[in-house]
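Scope of the values below: all heavy atoms of this structure, side chains included, with no hydrogens, waters or symmetry mates. Chain letters run A, B, ... following the sequence lines, proteins first, then strands; residues in each count from 1.
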Amino acid sequence: MSVQNIKSMSHVSPFYVFFLVHSMQIGVGIFGFQRYIAMDAGYNAWITVILTGLLIHILIWMLYRILLDGGKPRDIIDVHRQYFGKYIGNLLSWAFLVYFLFMGITVLRTYIEVIQIWMFPTLITWPVALFFILIVTYGIFNGFRVVTGIAFLGVVLPFGLILTLISPLEFANYDRILPVEFILGEQTAAVKTMTLSFIGFESLAFYLPFINGAQKSQKWAHAGHGLTTLMYLAVTLVTFFYYSRLHLERVIYPSLSLWKVLELPVIERFEYVGLSMWLLVVMPNIIISVWVVSRGMKKLLRTKQRHTLFFTAGTLFLFTIAFETREAIDNLNNHVSTVGFYIIFCYVPALFILTAIIRRFRSDGKKNSGPSV
Amino acid sequence: MKKNREHSRSFEEVLTLCRESDDFINEELLGKENSIYYLSYFSSLCDSTPLNEFVFNPLKKKQCYSLEDIKEALPLKGVKAVSSGKELEEGLNQGQVLIRFEQGEPYGILASVRLNENRQISIPEMEYTVIGPKEAFVENLDVNLNLLRNRLPTSSLCVKKVTIGTISRTEVAVVYLKDIANKDNVQTMIQRIEAIEYDEISDTSYINQFIEDNSNSPFPQLIDTERPDRVAAQLTEGKIAVLSKGSPSVILAPTTMVEFFSAFEDYYIPWHLASAFRLIRLFAVLFSVFSTPMYVAVLTYHAELIPQDLLATLIMSRSIIPFPPIFEAIFLELTIELLREAGARLPTKVGQTIGIVGGIVIGTAAVEAGLTSNVLLIIVALAALASFTTPIYRIGNTIRLIRFPFLLMAQLWGLLGISLLGSFLLVHIITLKSLGRPYLEPVYPFRFRDFKDAFIRVPFSKQYELPELTQTAKPERFSKKKAKKHADIDEHIR
Amino acid sequence: MVKKIRVLLFSFLSGCLLLTGCVEPHILDEVQIVHATGYDFVDEGHIRGTISIPVYPPDEAIHSETLTAVSSATREIRLLLDAQSNKPLHTGKVTVVLFDRKLAENGLMRIIDTFVRDPRIGMRIQLAIVEGSSTKNLLETTYPMEVDTAMYISELIEQNIERQNIPQSNFHVYLSNFYGQGRDPFLPILRQEGNAVRVTGLALLKEDRYVATLPLKDCFLLKILLERFGEGSYQVNLNQDEHAMLRNLESDTDWEVENASSNPEFKVNVSLSGRISEYSGDTLGDPKIEEIRAAAITQLEEDLNNLIKHFQELNVDPAGFGDQVRQRDPDFSDEEWDKIFPDVPVEFKVNLTIKETGIEE
């Protein structure tokens, strides 16, 4: 059950942590996050994006310290077992798995909902969800290497979509972000909102043992998160230049509405193409969270991952089709986001401090007990 | 069990079995001083001229007392004594003649007078290039190996022969360069070939399907080529070639998906032109796969997407057509497939005529009759044309085939359907391997070094490294020159 | 056995997928693609909606047909229009939405709201106000310039934006001006004249209600205040019968606002560079050019002052003076601005560079 058991065939090089982190952060949240942060901090919210980005760099650093403690990379399940004992530790790990499962459900269901609003009002949820989950299952069935591949291609292939941010600038009013102010109260609220767009990187806690030379991967994790921050910043700024503030508050998916103004010689309305291509961005989100859940269950239940994979996929499917109304999906989003916020902003630092203290305590103990032995 | 029984036939049993065939000849030959030799052979396998010249004549002229004498008397190489049934069966079936003193003796001499009926080495037909060598492999293994040895006159060119097929006893040669090819690759290849269990192996295509990493995939995972120059060049990159008796195509492994779109002519023209053509070819493939499904998706679900100026053209071309776009598209795609099948099955000249007549007549008639729109006709024809630009025939088939599921998905969920199936294929391609090496390399896993000869081809002078894909035993083709001195304008370096 | 079940399950699932998965198609030639819609004021509480649909008869030329319905709500108009059409109406390719001037006086937002909510509507569609006739008449007329009426109108407006005096305008610009703090929206005005449609100027709106018309000549002034690279023409009068035509190439407006948070005072520096495209006199030498330049500056400053006075009298702010205050005052509010705008002192300073005078002296 320990780290050495993972065959080197499924290991990937540290470079791919960049894509694993980045692809997991960007998903469906990017469609509408600007609206929410603008509601909290007005058009100064672009500062929030940078601020939150920096804060999360610290959290990534903490996460690495927790996981790399003792030299060998471990996953969060091992850490929980070590510090909290078998029962409480496993219970905490289970909580994590449930969180990741719901993260997958949220992303999938929200994406399908956006499709239903923008492209096909008559689309039935379950066939699309089923097809989607079949792809995900097929990918995971072939190992972590494939999961990483999807994360990699899910970043590289749709990367050209960033160019679509140029077109709205035709109607940009660069003065809209004036006056620039920094009001702490506003920013704190907005940081909380913005964090929700960055969650997902904590899946690191599960796949780190699958990285060749996990120590070297930390810079890639930071870089991946850095790219995410840049992307969010670019999207935020373009949105703010393009919409007036009161207008933005009325648009549910500002990023999608940005595409409405893009006109290419052969494609007059880009949002349909963009939304379909976004599937490639959403895929890594779901595939990584399902992988995390199936892998975690395998470790906790000591069974085969193919069994837990089918179970996870089935659960994902059932939950996805269970949420039907706009309100239910909204609630789902809110709950998962809140839990995510507490996990990364409260649990991770708490665990970090705890491990640091215990480590200090133990190393002191060793020093003290050293001469007596 | 079966195999063992076959091999344990006795000398006499073999001969009895052979006598049942009418082309098996048993002759008595009178030699000098009334000595008699009994000769047995398949007349269909033996060449009569050497039989007369090198077997009959010497035996007639000389008196032999022992098998050793016969061996010496025959001016042929590879004459050997035989006493086991297994050896005899193999020998007779390879065009050797059995010489004995007495009928019924369970031993004799085998002399090879094999009749070699061969096609001449001709111009490559599937992978024709305007520039470059014009020879292609033929059905004879020795000739093919000869072509390779001529191109790579080095003792490190290693040929390992394996015999497979319980009935056909097909000789398969695994060829590689010993100091370049990765040992594991060679080992895997030989193991996989040895593991083949089948009775008759007609062509390397059979082997291909047996040794592919995933035989359920529509994507070919091993390249087969008929060009000796391609094989020679790929061998120097550390790949492994598999030749088989009776097959004019050679398997190359490991390979990547991108390689299926590189014509060998790319190496014969300047690098920038080659790169441009390669990119055009890749674009053609994407166009070929996605154009018709896109047409169906956009016309069925996403009319908003169509530019205002194009709208009138599209509506007018469709206004009298009674079918939805999906039927129209499938109808035309199937027509094109039919034409291709018919063209491929018929003799060359008739095939060409069918292509032209079918294309023009059926296409025009279908548009005039109001069964299809002329816009779609253009798209489908272009897509078909684009699918034929692939240099390796096998991948062209794949491209034409995967269009149909894409069409169905486009009808089902429009653009979303296309991207759903697209990501499924993407996942599938990531899982694929060629001889255990990643198929989508150099894209994933991302290997910058191998990009030098993937989507574009950089100049030869920059390709001093061997590809990472094959994990070659030595890393470089040639050592990179130490920092070249750059002369300034109007200065010469002496 | 397991395999058999798996195969059965798989075919069952894919069968289900094909049967139930299909979404409602909108095949291009089986829908009526609406290219333009117009809304007219009938009486308090009733609106007349007109749509223009291109018809593609197999062996004839394309032409536009119109359908009309009267009702109290836009949704119901849609219902009544659908009732008249042989194929379902498809609104995804609407390029022009027209409003009767009377309707505009009563507020546009309740109609525009349906367009805002519809994901099928693009953001580059043109909105315009029709004066002199009803939108129904305008859409019903066939124009010799272009077979498709909607195309004619949208291209007409776009041409006037790109090359002539009308500032940038479309659905998005309208919305962002409407919602924008310290800004009021404007829309092009169309008038039908025989076999042609003419852009007569801009309709100035307060919130979503029509207030006044800005003549085409003055639209140039608004355009140089709003845009940096806007093209447009401006006539400079030297004498009674001597005038020159100035074509703008580039303008840069520099806003200086003093006391933004209490009593804003504006100093607006407008830098223009253009060319003389037409001159009614004989020769155009260097002294003459200098004379034209001086005259143009005086005239521009005077016109700009008049324009802002006009705006202040009407209390509409299409040029975004309020927006300039908002940029400097975090506590800006629209209500406050409405009160002080009529009395805000504004000073214009124009700087003009004449780059060329054509290919002949």
Derivation and outcome, side chain to side chain contact (heavy atoms under 4.5 Å, CB included), residues C:L28 and B:R318: CA-CA 8 Å; C:L28 189 63; B:R318 280 217 21 106; 5.6 Å; no
Evaluate whether atom CZ of B:F327 has more than 12 neighbouring non-hydrogen atoms of other residues, nucleotides or ligands under 6.0 angstrom away. no
Provide the closest heavy-atom pair for B:E304 versus C:K93 in the form atom of the first, atom of the second, distance. O-NZ, 2.9 Å
Might you confirm whether atom CZ of B:F388 has over 12 heavy atoms from other residues, nucleotides or ligands at distances under 6.0 Å? yes
Answer yes or no: does atom CE of C:M145 have more than 12 heavy-atom neighbours from other residues, nucleotides or ligands under 6.0 Å? no
With a 4.5 angstrom heavy-atom cut-off, could you sort out which part of B:I306 is near chain C: side chain, backbone, both or neither? both
In this structure, are over 12 heavy atoms from other groups packed under 6.0 Å from B:F404 atom CZ? yes
A quick test of your reading: do over 12 heavy atoms of other residues, nucleotides or ligands sit less than 6.0 Å from CE of B:M257? yes
Report the option among B:L311, B:V298, B:I320, B:I321 that has the most heavy-atom pairs separated by less than 4.5 Å from atoms of chain C. B:L311
Which atoms of C:I121 come close to chain B, meaning under 4.5 Å heavy atom to heavy atom: side chain ones, backbone ones, both, or neither? neither
Part of C:T91 lying under 4.5 Å from any heavy atom of chain B: neither
Which is it for C:I33 and B:I315 under the side chain to side chain contact (heavy atoms under 4.5 Å, CB included) test, yes or no, and what are the steps along the way? CA-CA 10 Å; C:I33 293 180; B:I315 295 178; 3.9 Å; yes
Leading residue by heavy atom contact count with chain C [cutoff under 4.5 Å; candidates B:D309, B:L305, B:T300]: B:T300
Should B:H302 and C:H26 be marked as a side chain to side chain contact (heavy atoms under 4.5 Å, CB included) after you check the CA-CA gap, both sets of side-chain angles, and the distance that decides it? CA-CA 7 Å; B:H302 311 290; C:H26 300 274; over 6 Å; no
Provide the closest heavy-atom pair for C:V23 versus B:Y301 in the form atom of the first, atom of the second, distance. O-OH, 3.3 Å
Taking every non-hydrogen pair under 4.5 Å, which of C:G122, C:P25, C:S154, C:P54 racks up the most with chain B? C:P25
Shortest non-hydrogen contact from B:S319 to C:Y56? CB-O, 4.4 Å
